2 protein chains.
Amino acid sequence: MKDVVSRCPIEETMRVLSGRWPTLLLYYLKDGTKRFSELRRDNPTVSHRILALELRKLEDAGIVRRTARPGYPLHVDYDLTAPGRRLVPLIDALGSWWERTEDDRTGQVSPMLETYSGTATVETITSAS
Amino acid sequence: MKDVVSRCPIEETMRVLSGRWPTLLLYYLKDGTKRFSELRRDNPTVSHRILALELRKLEDAGIVRRTARPGYPLHVDYDLTAPGRRLVPLIDALGSWWERTEDDRTGQVSPMLETYSGTATVETITSAS
DNA sequence: TCCTGGTTACAGAATTGTGCGTAATTTACA
DNA sequence: TGTAAATTACGCACAATTCTGTAACCAGGA
């Protein structure tokens, strides 16, 4: 998704959140500040380069804040901004939606049920990785 | 995003919604049944191949229902399933989140609110029961 | 030399666009 | 009475574009 076709906020949002890493990073940062190397250890399948690029994208979108401490060895902290924290429950809701949809597919929940209470938690994410 | 790294519902969701088209298609289908050619007219920058692939992906995910009428000329209808309709307000909320975030960045109110029916807020989503 | 958090260059993988083919029926025209 | 063309929703092969990974390099102090 190099450039955008409309200027719609939904497309802008998806431009930032698209892909495997943005939502995962959001979850790893949800509980507090993390360093670059910690994020890498949390998810060893991200390459060094891509992690740097994704973090920069999230930073540019105002979701993540980057704090570099002067001096060597380098020390850089990442944490969520206020908008980033507001985003977390929305992503949670998407996870709950998916689970509910799976229930619909497997027929475990009455298809007549119209309402829904989402209860996605951090465990949903962290226990699966 | 070819394959998945965890089995978490959020990653599954993002695998389906990632990219420019899925959320846009959701919006074009929001108001009712559309034919393949209508969807193409609605958004002339999608190639027919990609539109077909994206629609199939959404169908496989249980978001969109495809109904082919026998006979020629071909006639295929697309509309949202119940899970697809449940997804719409969540996507709306992401759009609202983006606008709110922009307000934070610029300190101004975005004039684009009319284009999208994004009236959902974090509260309406997370407190849905 | 190692450490950390990056960036750059290049290569290989993945995604996307282009254009052509296909089906059965209707309409258009000579 | 032919017959040619248009229609619709794709599938396929191939080319162009874009994304991702690998490896090397940088900084300056312990």
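Quantities reported herein were computed from a predicted structural model and do not represent experimental measurements.
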Worksheet item: Under a 4.5 Å cut-off applied to non-hydrogen side-chain atoms, are A/M14 and B/L17 in contact?
Response: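 When only atoms from C-beta onward are counted, B/L17 and A/M14 do touch, with a gap below 4.5 Å.
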Fill in: Sub-4.0 Å heavy-atom contacts from residues 12-19 of chain A onto DNA chain C, ordered by number
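Heavy-atom contacts with DNA chain C come from no residue of residues 12-19 of chain A; none.
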Discussion item. According to side chain to side chain contact (heavy atoms under 4.5 Å, CB included), who are the partners of A/I50, at least two apart in sequence or on a separate chain?
Written reply: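 Only A/W21, A/V46, A/S47, A/L53, A/E54 meet the side chain to side chain contact (heavy atoms under 4.5 Å, CB included) criterion with A/I50.
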Practice prompt. Name the nucleic acid region contacted by B/R66, choosing base, sugar-phosphate or nothing; use a 4.0 angstrom heavy-atom cut-off, strictly under.
Written response: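 Touches sugar-phosphate only.
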Worksheet entry | Sugar-phosphate, base or nothing in reach of A/R69, heavy atoms under 4.0 Å |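 Result for A/R69 = nothing.
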Discussion item. What verdict does the salt bridge (charged side-chain N to carboxylate O under 4.0 Å, His left out) test give for B/R20 and A/E11, after you've listed the backbone C-alpha separation in whole Å, the side-chain angles of each residue and the deciding distance to 0.1 Å?
Written reply: CA-CA 6 Å; B/R20 183 179 10 253; A/E11 191 179 348; 3.8 Å; yes
Worksheet entry | Contact letters for nucleotides 25-30 of chain D, in which S counts primed atoms plus P, OP1 and OP2 and B counts the base, heavy atoms under 4.0 Å | --BBS-
Practice prompt. Might you confirm whether atom CZ of A/R65 has over 12 heavy atoms from other residues, nucleotides or ligands at distances under 6.0 Å?
Written response: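 Atom CZ in A/R65 is not packed in, count stays at 12 or less.
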Heteroatom pairs (N/O) under 3.5 angstrom, protein to nucleotides 18-20 of chain C:
unit_1, atom_1, unit_2, atom_2, d
C/dG19, O6, B/H48, NE2, 3.3

Worksheet entry | Parallel, tilted or perpendicular, as decided by the 30° and 60° cut-offs, for the rings of B/F36 and B/Y78 |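 B/Y78 vs B/F36 ring planes: tilted.
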Table please: side-chain donor-acceptor pairs of residues 70-77 of chain A below 3.5 Å, with sequence neighbours left out.
unit_1, atom_1, unit_2, atom_2, d
A/H75, ND1, A/R35, NH1, 3.1
A/H75, NE2, A/D77, OD1, 3.4
A/D77, OD2, A/R69, NE, 3.0
A/D77, OD2, A/R69, NH2, 2.5

Worksheet item: Using 4.0 Å as the upper bound for N to carboxylate O, is an ion pair formed by A/E12 and A/R15?
Response: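 A/E12 and A/R15: salt-bridged.
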Worksheet item: Would you call B/D42-B/K34 a salt bridge at under 4.0 Å N-O?
Response: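 Between B/K34 and B/D42 there is a salt bridge, with a charged N closer than 4.0 Å to a carboxylate O.
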Worksheet item: Given C/dT4, D/dC10, D/dA9, which nucleotide is nearest the side-chain atoms of A/R35?
Response: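 Closest of the options to the side chain of A/R35: C/dT4.
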Item to complete: Let me know, please, whether B/R56 or A/L53 comes out on the 5' side of the other along DNA chain D by nearest nucleotide.
Response: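 Looking at the nearest nucleotide for each, B/R56 comes out on the 5' side.
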Could you list all N or O pairs between the protein and nucleotides 15-19 of chain D that sit under 3.5 Å apart?
unit_1, atom_1, unit_2, atom_2, d
D/dC19, OP1, A/M1, N, 3.0

